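Order of the sequence lines fixes the chain letters, A, B, ..., with proteins taken first and strands second; residue numbering starts at 1 for each chain. From a predicted model like this one, the values you see are computed outputs, not experimental measurements.
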Protein chains: 2
Amino acid sequence: MQNAVMTRSRTAPRLDESLLNNVPPFSKLDSRQIREILDLASSRRYDEGVAVFEEGHDADRFYMLLDGYIRVVRITPGGEQVIALHIPSGQLFGIARALGRTTYPATAITAAESIALSWPTRLWDQFTAHYDGFATETYKTVGTRVGEMNTRIMEMATQQVEQRIANALLRLINQTGRKVATGIEIDFPITRQDLSEMTGTTLHTVSRTLSAWEKQGLVASGRKRITVSDPHQLVLLANAAR
Amino acid sequence: MQNAVMTRSRTAPRLDESLLNNVPPFSKLDSRQIREILDLASSRRYDEGVAVFEEGHDADRFYMLLDGYIRVVRITPGGEQVIALHIPSGQLFGIARALGRTTYPATAITAAESIALSWPTRLWDQFTAHYDGFATETYKTVGTRVGEMNTRIMEMATQQVEQRIANALLRLINQTGRKVATGIEIDFPITRQDLSEMTGTTLHTVSRTLSAWEKQGLVASGRKRITVSDPHQLVLLANAAR
DNA sequence: GGCCCACCTTGCGCTGGCGCAACAAGAATG
DNA sequence: CATTCTTGTTGCGCCAGCGCAAGGTGGGCC
């Protein structure tokens, strides 16, 4: 599964400081500090569908997604996948240390071709101690993700499948949407199967639901591609009382 | 809802140091440090069914549960409750700061009569900076809870109602079980409704399921009381392939 | 002791969504 | 450009679990 094409920064030209300038965990730092951090980083490109790290393995590195998208997944004993989160570029991931863990709690798979920086986990304490705002911002990230998980639990406990799919789509276009002529498109390849793994249903039901919405002009979709043309209507659907 | 009976430590005798001696976030501290921490704490007793703090309110204090049980709940716009977690004694809660938040993300309700210490949130940074192990241990707590939430998402996405109820029961007896003659009893009052709010189903289905298990001798239950007599069998049920 | 209220049980009919199955339509590969 | 693979669509039958409704039971309170 792992792809052979990769580049370590040690052999490549120095990374540009602008990469981290506007990224929350590093935004309070001055140019010298960012230089230090970049010099310690490895940079690497990942093909689509490749695992960056896997659930249960030693958390020996933590990551910062520069470009692309990451899907955080868990596999049941029975082999079914569940998608826990999507991570857009500009965010840290694989930060087991922030949760007091020594192994990764889930698997990270690229949803599109991606580029990520990474550092050895032993630098984590150094980062939190020396770099102003790093700790605070990472805990905010954790907090946001916890909030998202919480919301999903509520949705799964109380909502109908149709509402859950609507909510999942809305979350995706909020986090990773790209404006196009006909609406907002999800900016990485996503299958019905993926959506079903995000909402705890089957690809059949997702397919049927999207077909129905397409007929109503709410969405336009094709192979691995979904465009929401009427977000407002989708919000109404998502909040519809049972 | 809030109960009138309460005691602030400031007016009561000094709290005993043994209270925090074996509690993970404080276990590495010496007697002098524990004294300092206790002198800053307020202690208070809560009746069963009382809200300690509420979702969305300013996170002005953080808490340590000395005795009793806490239910962490969220309410949907439609008014339905979902139980996110149970917190047993000896754990911190209301630690919005550890998630970079300024408001509580959920409501904490006592599941039984409880006693908790609390400190103003402005002391949080002081605690994490000065007290060895405090930060590490609290992030472990966060990590554990994130793991639990994650597991619940997986269960809700992939398992049948019966398995989810079995898993919820097993989690409860692991965290808060008390050995009795006929098995392991959940150590605080719990209704079918509560279980349904933990598993995303209805009290009817929970009632039917428990009745069936009772006939098979797996559990014994009464009003607000559940005893698991055959945990092993329950584990088999929880893991049963669809 | 008797009333009331909160909690629990159970029967019955209905339906949302699943599982199966067969097929369609691009994309990728040689 | 033929073949194969992956992804998406749709019809159909079925059933787990829900909603409704009616009734039971134990505890707390006047």
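Residues A:T205 and A:T201 approach most closely at CB-OG1, 3.5 Å, considering heavy atoms.
Partners of A:E155 by salt bridge (Lys or Arg N to Asp or Glu O under 4.0 Å), not counting sequence neighbours, listed by chain and number: A:R171. When the salt bridge (Lys or Arg N to Asp or Glu O under 4.0 Å) test is applied to A:R208, no partner is found at least two apart in sequence or on another chain. Residues passing the side chain to side chain contact (heavy atoms under 4.5 Å, CB included) test with A:L19, sequence neighbours excluded: A:L15, A:L66. Scanning for side chain to side chain contact (heavy atoms under 4.5 Å, CB included) contacts around A:A108 gives A:V52, A:F53, A:I70, A:F93, with sequence neighbours left out. For the salt bridge (Lys or Arg N to Asp or Glu O under 4.0 Å) test, residues two or more places apart in sequence or in another chain that qualify with B:E55 are B:R74. Among residues two or more places apart in sequence or in another chain, the side chain to side chain donor-acceptor pair (under 3.5 Å) test is passed with B:T227 by B:E185.
The side chain of B:T201 contributes an N or O atom lying less than 4.0 Å from OP1 or OP2 of D:dC18. Between C:dC7 and B:T191, no contact under 4.0 Å exists linking OP1 or OP2 to a side-chain N or O. For D:dT9, the OP1/OP2 oxygens have a side-chain nitrogen or oxygen of A:S207 closer than 4.0 Å. Close to C:dC18, at under 4.0 Å from its OP1 or OP2, lies a side-chain N or O of A:T205.
Pairs of residues two or more places apart, or lying in two chains, that qualify as ring pair (Phe, Tyr, Trp, His ring centres under 6.0 Å) and include a residue from residues 185-219 of chain A are A:Y69-A:F188, A:H86-A:F188. Residue pairs meeting the side-chain hydrogen bond (donor to acceptor under 3.5 Å, both in side chains) criterion with at least one member in residues 103-113 of chain A, sequence neighbours excluded, are A:R45-A:E113, A:R101-A:T103.
One can place NZ of B:K224 at 14 Å from P of C:dT9, the figure rounded to the nearest angstrom. If you take CG of A:L203 and P of C:dG17, they are 16 Å apart, rounded to a whole angstrom. The distance between atom CG of B:L195 and atom C1' of C:dT9, rounded to the nearest whole Å, is 15 Å. To the nearest angstrom, P of C:dC18 lies 12 Å from CD of A:Q193. Between the P atom of C:dC18 and the CD atom of A:E80 lies a distance of 12 Å, rounded to the nearest Å. Atom CG in A:L210 sits about 7 Å away from atom P in D:dT9, given to the nearest Å.
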Measure all distances between protein nitrogen or oxygen atoms and nitrogen or oxygen atoms of nucleotides 13-16 of chain D, and list the pairs falling under 3.5 Å.
none

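Remark: the A:T141 side chain and the A:Q91 side chain contain no N/O donor-acceptor pair separated by less than 3.5 Å.
Near-neighbour residues of DNA chain C inside residues 211-222 of chain A, defined by a heavy atom below 4.0 Å, are absent.
Residue A:I83 is tested with A:V73, A:T199, A:L195 for a side-chain contact (heavy atoms from CB on, under 4.5 Å); the sole match is A:V73.
Residue B:R145 holds its CZ atom at 9.0 Å from CG of B:L99, rounded to the nearest 0.5 Å.
Here the side chain of A:D58 pairs no donor or acceptor atom with the backbone of A:D60 at under 3.5 angstrom. Of the possible donor and acceptor atoms, one in the side chain of A:T121 sits under 3.5 Å from a partner among the backbone N and O of A:A59.
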Item to check | Contact pattern, 5' to 3', of nucleotides 20-30 of chain D - B, S or - by protein heavy atom under 4.0 Å | outcome: BB----BS---
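Each end of the helix from C:dG1-D:dC30 to C:dG30-D:dC1 yields a helix axis from five base pairs, and these two axes differ in direction by 40° (to the nearest 10 degrees).
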